[in-house]
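See structure below.
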Amino acid sequence: MNIESALSLEIQSVLNSLYGWEQAPKLDQTRPEFEGDFTLVVFPFVRASRKSPEATAEEIGAALMNSGSLISSYNVIKGFLNLVLKADNWSIFLDREWNNLQFGHGSSKDQKVMVEYASPNTNKPLHLGHMRNNFLGYSLSQLFKASGYEVVMANLINDRGIHICKSMLAWQRFGDGETPSSSGMKGDHLVGKYYVVFENALREQTQKTIELALQGQYNGHSPAVQERYQQAWSKLEAAKEDKQISKLKDDIKELVRNQSELMLACQDMLRAWEAGDPEVLHLWKTMNGWVYEGFDATWKRMGVSFDKFYYESDTYTLGKDLVQEGLEKGVFYAKEDGSVWIDLRDAGLDEKLVQRGDGTSVYITQDIGTAQLKYEEFGVDRSIYVVGNEQDYHFKVLFLIMERLGRSYASGMYHASYGMVDLPSGKMKSREGTVVDADDLLQEMVDAARETTEALGKTDGLAQEDLNALYETLALSALKFFILKVDPKKRMLFNPAESIDFQGDTGPFVQYSHARIRSILRTAPSSWNEAADTQLALSETETALLKVLAQFPGAVTQACEQYSPALVAQFLLDLAKAFNRVYNEHSFLKEPDAGLMKRRLKMAQMTANTLKNGLAVLGIDAVERM
RNA sequence: GACCCCAUAGCUCAGCUGGAUAGAGCAACUGCCUUCUAAGCAGUAGGUCACAGGUUCGAAUCCUGUUGGGGUCGCCA
């Protein structure tokens, strides 16, 4: 039991005997400008005590002193009861945990959790948006592991669909047999290049037609297309608001694009793919192979991994059985054209298509199927989807569907929704080329780590090999920490013009604090732990450090409950700062009193362990020296 | 049009289920390395918590409205 919960229980019992109060009281950390460790706000109890806030606080404080308490004194300021813990509570805590390598880890929950993340399209290389997803997904996995869950990291690769056909078609027409080995390009970048080639060719091919279509002149290939165009056009003519107009214009552009020769060829290719055309399948396998090689390299460098891969080419027909089941159960209903729907208006949502009129799957059909598949394959108790917040609605609908289909595991499904990474110019858009490429960024960060280290002259005594490994780790910790310290739910800004810092509230700062401690421990005399314990009181900064350390298990638990690695990141900053304050104020190895040295080294050891464990939760390896 | 999310220092972000004088980092300015790693520490300056109401002993936090930004809304996944 930790100190805070012990104290909380004691207060609860005092409140119960004084006022018959039943609930667990809420304890705050005492603000640094007041004396005390924990603070109880007494306003909630004044009704029961029928006394002023001050008198109530006095009464509770006195009762706590009498109950053989953990506290040594208290003070009352207005309605705030500040409690000072007996100093030996902190020493006991330190003696118990200083060398506990598992400190902060939860006991086994005997539950299995699947974390699905990454889930890329195979038509272009990874960018910064993917990196936020990957870092979050990997970190959440480590967080759940640390909290005692068994974790399966899954990646559902989006390897089929019209977007792949674009790269394939462009390669066929313009590629001239280019391969990763012939060009020296990373496979995913090569395929991405042809995706861009396709988009450019498409733009060229459709530019004039679009211009004319936006003036009311367009000839569709079929009456149906022509009718859709005419409808869109008359809407556009009637529209008044700017927003609406630009949206309707986009609709028309989209329509014209989809009817272009290139897009029609693409759709033919998709149909050929679905029909199992050997030539198309061969090309698809070849180009996907290039992409996987490229992705694997990037993931490896990013330090993320997966236990299980799903491929949409395998799963895209799944879910139809469940659609059938839903029809029989009356959860879904069919319209005249044979399309299948669910009505979620009673849940404040809308009607939603779950299967097309021609019997083919839509996105959500697959997700229904894969949810079932995950459960059958792994028996997961919880299933977490790390997916951007633009799909909030989609997952609301999916979870409701699974619930209405009577799936017991529906309650364990969770959408770990996160915000976009914005650039100063706004949202990243691959079509407009405003993306920050993952491989480029990684390399820039590694270069920056090398330059910083060299500028500080800290390369002495390290082999080139070790230095290279150090730069990789430092670069990654800067990047991961930069991304993970922000609340996942919020959108965040990345400014490529300003490089990510290595100073201040950063990954390297935490690393530095860790490396500094490791350095102390390496040079400490081997017999330091044999000295007699000191009886001297802890200094203010030392007590502050122990208070921060004591918060680690709670931070992990809370981060897990809130699906937020950011809480761990913020904790690590607090811890590193608290330690650096002690470091600045006291000596460790030069401390003449052997007992004091022992106590400080215990604190150093525990801080290093905790920093390392916390970094591990963020998916960051702690460095021994830097 | 409907629904969802967001708005805190010049910039990037904390601020947990309502609690004391709203906190960090960056940028600016001051100090601290012949002593355990200065990628550090200490300090100065910087705020109408978008705006207006409401609930409460107490609101950045909860509720309502307004403004601004982003997202989603039957066949892209």
Side-chain angles (χ1 to χ4, degrees), chain A residues 26 28 30-31 33-34 39 41-44 46 53 77-80 82 119 121 156 158 160-163 241 244 254 312 316 335 339 341 348-358 360-367 388-394 396 417 419-420 422 424 426-427 449 452-453 455-456 458 474 478 482 485-487 489-495 498 501-513 515-524 554-555 558 561-562 564 566-567 569-570 573-574 576-577 580-581 583-591 600 604 625-626:
Chain A
K26 186 192 153 199
D28 295 314
T30 302
R31 300 184 62 128
E33 59 267 36
F34 300 101
T39 294
V41 181
V42 302
F43 288 107
V46 294
I77 295 167
K78 293 192 280 184
F80 299 89
N82 297 323
S119 306
N121 291 342
L156 173 57
N158 188 357
R160 72 171 277 280
I162 201 81
H163 49 279
E241 282 175 55
Q244 203 185 357
E254 201 60 34
E312 281 205 8
Y316 80 105
K335 287 195 177 172
S339 57
W341 298 73
L349 303 177
D350 219 325
E351 292 175 286
K352 176 91 181 173
L353 179 83
V354 295
Q355 186 171 292
R356 295 191 188 108
D358 61 7
T360 57
S361 307
V362 290
Y363 175 40
I364 201 154
T365 328
Q366 298 177 49
D367 267 358
N389 64 8
E390 73 273 18
Q391 294 196 36
D392 284 355
Y393 185 81
H394 171 80
K396 256 189 215 170
S417 167
M420 299 287 105
D422 283 330
K427 200 181 165 183
T452 307
T453 307
L456 290 169
K458 295 199 173 182
L474 282 180
F482 175 80
K485 80 170 177 183
V486 180
D487 181 347
K489 289 198 282 291
K490 292 192 178 171
R491 44 193 305 137
M492 62 178 290
L493 189 106
F494 173 78
N495 188 347
E498 301 166 8
D501 275 316
F502 285 73
Q503 283 167 16
D505 286 353
T506 65
F509 166 63
V510 178
Q511 292 279 24
Y512 173 78
S513 308
R516 191 190 230 178
I517 298 172
R518 299 302 309 168
S519 166
I520 294 173
L521 294 171
R522 268 196 306 274
T523 40
Q558 205 179 7
E561 280 166 6
Q562 297 184 21
S564 176
L567 300 179
Q570 298 292 342
L573 292 173
D574 288 343
K577 281 178 201 173
N580 286 332
R581 257 171 233 141
Y583 178 90
N584 211 256
E585 190 176 297
H586 303 288
S587 283
F588 288 76
L589 302 177
K590 308 228 157 144
E591 171 56 53
R600 293 214 183 106
R625 60 182 80 204
M626 63 184 276

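Remember, it's a predicted structure, so these values are computed and weren't measured experimentally. Protein chains get the first letters and strands the later ones, always in sequence-line order, with residue 1 at the start of each.
- Looking at heavy-atom distances under 4.0 Å, A:Asn82 makes contact with a base.
- Nucleic acid contact class of A:Leu474 (heavy atoms, under 4.0 Å, all strands): base.
- B:U61 and B:A22 are spaced 11 Å apart, taking the C1' atom of each and rounding to whole Å.
- Between the P atoms of B:G40 and B:A27, the separation comes to 10 Å (whole Å).
- With rounding to whole Å, A:Gln503 atom CD is found 19 Å from B:U37 atom P.
- Residue A:Asn389 places no side-chain N or O under 4.0 Å from the OP1 or OP2 atom of B:G71.
- A:Gln558 comes within 4.0 angstrom of a nucleotide base, judged by non-hydrogen atoms across all strands.
- Rounded to a whole angstrom, the distance from the P atom of B:G15 to that of B:A9 is 15 Å.
- For A:Gln366 and B:C76, the CD to C1' distance is 11 Å, given to the nearest whole Å.
- Scanning atom types as modelled, no donor and acceptor separated by under 3.5 angstrom connect the side chain of A:Ser119 and the base of B:A77.
- Contact check for A:Ile364 versus A:His394: side-chain heavy atoms found under the 4.5 Å cut-off.
- No engagement by A:Asn495 is indicated, since no non-hydrogen atom pair under 4.0 Å with the nucleic acid exists.
- Taking atom C1' on both B:C26 and B:U21, the two are 25 Å apart, rounded to the nearest angstrom.
- The shortest non-hydrogen separation linking A:Ser587 to A:Arg600 is O-NH1, 3.0 Å.
- If you take CG on A:Asp487 and CD on A:Gln570, they are separated by 9.5 Å, rounding to the nearest 0.5 Å.
- Looking only at side-chain heavy atoms (C-beta outward), A:Asn389 and A:Lys489 stay at 4.5 Å or farther from each other.
- Counting only heavy atoms from C-beta on, A:Arg516 has its side chain closest to B:U37 among B:C36, B:U37, B:A39.
- Nearest nucleotide to the side chain of A:Arg581, out of B:U21, B:A42, B:G25: B:A42.
- Two residues, A:Thr453 and A:Glu33, neighbour RNA chain B, and the one matched to the more 5' nucleotide by heavy-atom proximity is A:Glu33.
- A:Met492 is not listed as a side-chain neighbour of A:Asp422, based on a closest heavy-atom distance of 4.5 Å or more.
- Rounded to whole Å, atom P of B:A2 lies 16 Å from atom NZ of A:Lys396.
- You'll find the side chain of A:Met420 reaches within 4.5 Å of the side chain of A:Lys427, heavy atoms only.
- Using a 4.0 Å heavy-atom distance criterion, A:Phe502 is classed as a base contact.
- A:Gln562 comes within 4.0 angstrom of the backbone, heavy atoms only, and of no base.
- Between the side chain of A:Thr506 and the base of B:A39, no donor-acceptor pair of N or O atoms lies under 3.5 Å.
- When the C1' atom of B:U72 is taken as reference, atom NZ of A:Lys427 falls 11 Å away, rounded to whole Å.
- Across B:A14, B:A24, B:C4, the shortest atom-to-atom separation from the side chain of A:Lys490 is found for B:A14.
- Picking from B:A39, B:A24, B:C36 the nucleotide with the shortest atom distance to the side chain of A:Tyr583 gives B:C36.
- Across all their heavy atoms, A:Phe588 and A:Tyr583 have their closest contact at CE1-CA, 3.8 Å.
- For A:Thr39 and A:Asn82, the side-chain atoms include at least one donor-acceptor pair closer than 3.5 Å.
- B:C33: glycosidic angle within 90° of 0, hence syn.
- Comparing the C1' positions of B:C63 and B:A45 gives a spacing of 37 Å, expressed to the nearest Å.
- Taking atom CD1 of A:Ile364 as the reference point, atom P of B:C76 lies 14 Å away to the nearest angstrom.
- Residue A:Lys26 places at least one side-chain N or O closer than 4.0 Å to OP1 or OP2 of B:G19.
- Nucleotides B:U56 and B:U8 are separated by 23 Å at their C1' atoms, to the nearest Å.
- As judged by a 4.0 angstrom heavy-atom cut-off over every strand, A:Met626 is placed among the base-contacting residues.
- With rounding to whole Å, A:Lys458 atom NZ is found 8 Å from B:A38 atom C1'.
- When heavy atoms are screened at a 4.0 angstrom cut-off, A:Glu312 is found touching the sugar-phosphate backbone but no base atom.
- When heavy atoms are screened at a 4.0 angstrom cut-off, A:Lys590 is found touching base atoms of the nucleic acid.
- Taking atom P on both nucleotides, B:G65 is separated from B:C6 by 15 Å, rounded to a whole Å.
- Judged purely by distance below 3.5 Å, without hydrogens or angles, the side chains of A:Asn580 and A:Arg516 pair a donor atom with an acceptor atom.
- Side-chain N/O atoms of A:Arg31 include one lying less than 4.0 angstrom from OP1 or OP2 on B:A20.
- Centre separation under 5.5 Å together with a plane angle under 30° does not hold for the ring of A:Tyr512 and the six-membered base ring of B:G40, so they are not marked as stacked.
- Residue order along RNA chain B, read from the 5' end via each residue's closest nucleotide, puts A:Val486 first among A:Ile77 and A:Val486.
- A:Val486 approaches A:Phe482 most closely through the heavy-atom pair CG2-O, 3.8 Å.
- Atom-to-atom, CG of A:Leu573 to C1' of B:G40 comes out at 14 Å; the value is rounded to the nearest Å.
- A:Leu493 comes within contact range of the sugar-phosphate backbone alone, with a heavy-atom separation under 4.0 Å but no base atom that close.
- Atom CD in A:Gln511 sits 11.0 Å away from atom CZ in A:Phe502 (nearest 0.5 Å).
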Legend entry - Footprint string (nucleotides 55-62 of chain B, 5' to 3'): B base within contact, S backbone only, - free, heavy atoms under 4.0 Å: --B-----
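- Among B:U72, B:A77, B:C75, the nucleotide with an atom closest to any side-chain atom of A:Leu353 is B:C75.
- Side-chain contact between A:Asn158 and A:His163: present, with at least one pair of heavy atoms (C-beta onward) separated by less than 4.5 Å.
- Spacing of C1' atoms, B:U64 relative to B:A59, comes out at 15 Å, to the nearest Å.
- Between A:Glu591 and A:Leu589, every side-chain heavy-atom pair lies at or beyond the 4.5 Å cut-off.
- With hydrogens and angles left out, the side-chain atoms of A:Gln391 and A:Tyr363 include a donor and acceptor closer than 3.5 Å.
- Using a 4.0 Å heavy-atom criterion, one finds that A:Arg356 contacts the bases of the nucleic acid, with or without backbone contacts as well.
- Look at A:Thr523 and you won't find any side-chain N or O under 4.0 angstrom from OP1 or OP2 of B:C36.
- In this structure, CZ of A:Arg491 is placed 16 Å from P of B:C11, rounded to the nearest angstrom.
- Ring-base stacking between A:Phe34 and B:A20 is satisfied, the centre separation being under 5.5 Å and the plane angle under 30°.
- Residue contacts shown for A:Val41 include a base, since a base heavy atom lies under 4.0 Å away.
- For RNA chain B, the stems formed by at least three consecutive Watson-Crick or G-U pairs, with both atom-pair distances below 3.5 Å, span B:1-7 with B:67-73, B:10-13 with B:23-26, B:28-32 with B:40-44, B:50-54 with B:62-66.
- At a threshold of 4.0 angstrom between heavy atoms, the contacts of A:Thr39 include nucleobase atoms, whether or not backbone atoms are also involved.
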